Number of protein chains: 2
Amino acid sequence: MFKSGNQCPCVDPCPISSALRLIGGKWKIRIICSLNTDGTTRYNELKRKINDISNTMLATTLKELEEDGLIVRTQFMEIPPHVEYSITDACAELIPIIDSLGAWVYHLNENKKKD
Amino acid sequence: MFKSGNQCPCVDPCPISSALRLIGGKWKIRIICSLNTDGTTRYNELKRKINDISNTMLATTLKELEEDGLIVRTQFMEIPPHVEYSITDACAELIPIIDSLGAWVYHLNENKKKD
DNA sequence: CTGCATCCTCCGGGATACTG
DNA sequence: CAGTATCCCGGAGGATGCAG
């Protein structure tokens, strides 16, 4: 198993690179953070909150996140259509990790200002 | 300041997206992990350890990592040239974070197998 | 040994229009 | 409302050769 505390094996598949593929790309973090902050959200609501994202990218990114098990899609059989998205428990466990990533970058930039 | 524990502000510049830009791309994690595991390493040694990387990508990626303050380049004024690379303290602080990312992906995949 | 210059390919991502 | 279909472009990344 993968023991936390180990160094990256630097072999394929590198688990860290796998993680970066899951949350990489231009929009995934934005979507995850939005769903985490505001909870369950509908498609068009999400589109309004995440500025400048196109339908193409929102739809394909949501599909990828769902396939990777990071978000859940709930479809209500109504006319007009009604679909809701929310993060999974696995994705919730990711939040503190990416949060510490943000803190790390903050400190990195603070130290650069001193130069 | 950026307080750990906060949600991602989902505004530009998102600190998490900034972090992903610093360590994203095809080779950065590989290089960081290699330098972290093996310590100070010369250019060609690095090229041998990181399989399939071209000179173009190794050189440009190393330069980016150096500009971002993640690695240090030490040049010895010799003929033939002798250059050594190692991670900075700031980069060392990143290791446990990306390590927990790896652990997170591992558990994500384990849970998928049960389906 | 440690790179840089050049050229090329592929695909992430955007614009626009259309649909059940 | 919640997406698909289609076309397109720029930039990340690869191959090869040259240089100090």
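Bear in mind that the values here come from a model prediction, so they are computed numbers and not experimental data. In what follows, every heavy atom counts, from backbone to side chain, and hydrogens, waters and symmetry copies are set aside. Every chain is numbered from 1, with letters handed out A, B, ... down the list of sequences.
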Asker: Among residues 51-64 of chain A, which ones have heavy-atom contacts with DNA chain D below 4.0 Å?
Answerer: N55(A), T56(A), A59(A), K63(A)
Asker: Does the side chain of L22(A) come within less than 4.5 Å of L65(A)'s, by heavy atoms?
Answerer: no
Asker: State, with a plain yes or no, whether a side-chain heavy atom of I97(B) is found less than 4.5 Å away from one of S100(A).
Answerer: yes
Asker: Give a yes or no on whether the backbone of G69(B) and the side-chain of T88(B) come within a donor-acceptor separation of less than 3.5 Å.
Answerer: yes
Asker: Does dG14(C) have OP1 or OP2 under 4.0 Å away from a side-chain N or O of K26(A)?
Answerer: yes
Asker: Do V72(A) and Y85(A) come close enough that some side-chain heavy atom pair is under 4.5 Å?
Answerer: no
Asker: Salt bridge check: are E64(A) and K28(A) linked by an N-O gap of less than 4.0 Å?
Answerer: yes
Asker: Considering only NZ, NE, NH1 and NH2 on the basic side and carboxylate oxygens on the acidic side, decide whether K63(B) and E67(B) come within less than 4.0 Å.
Answerer: no
Asker: Are a donor atom and an acceptor atom from the side chains of Y43(B) and N55(B) found within less than 3.5 Å of each other?
Answerer: yes
Asker: Between the opening five pairs and the closing five pairs of the helix from dC1(C)-dG20(D) to dG20(C)-dC1(D), how far apart are the helix axes, to 10°?
Answerer: 50°
Asker: When you look at R30(B) and S34(B), which way does the side chain to side chain contact (heavy atoms under 4.5 Å, CB included) test go after all the steps?
Answerer: CA-CA 6 Å; R30(B) 302 282 303 268; S34(B) 183; over 6 Å; no
Asker: Tell me, please, the opening and closing nucleotides of DNA chain D, 5' to 3', among those with an atom under 4.0 angstrom from a non-hydrogen atom of chain B.
Answerer: dG13(D) to dG20(D)
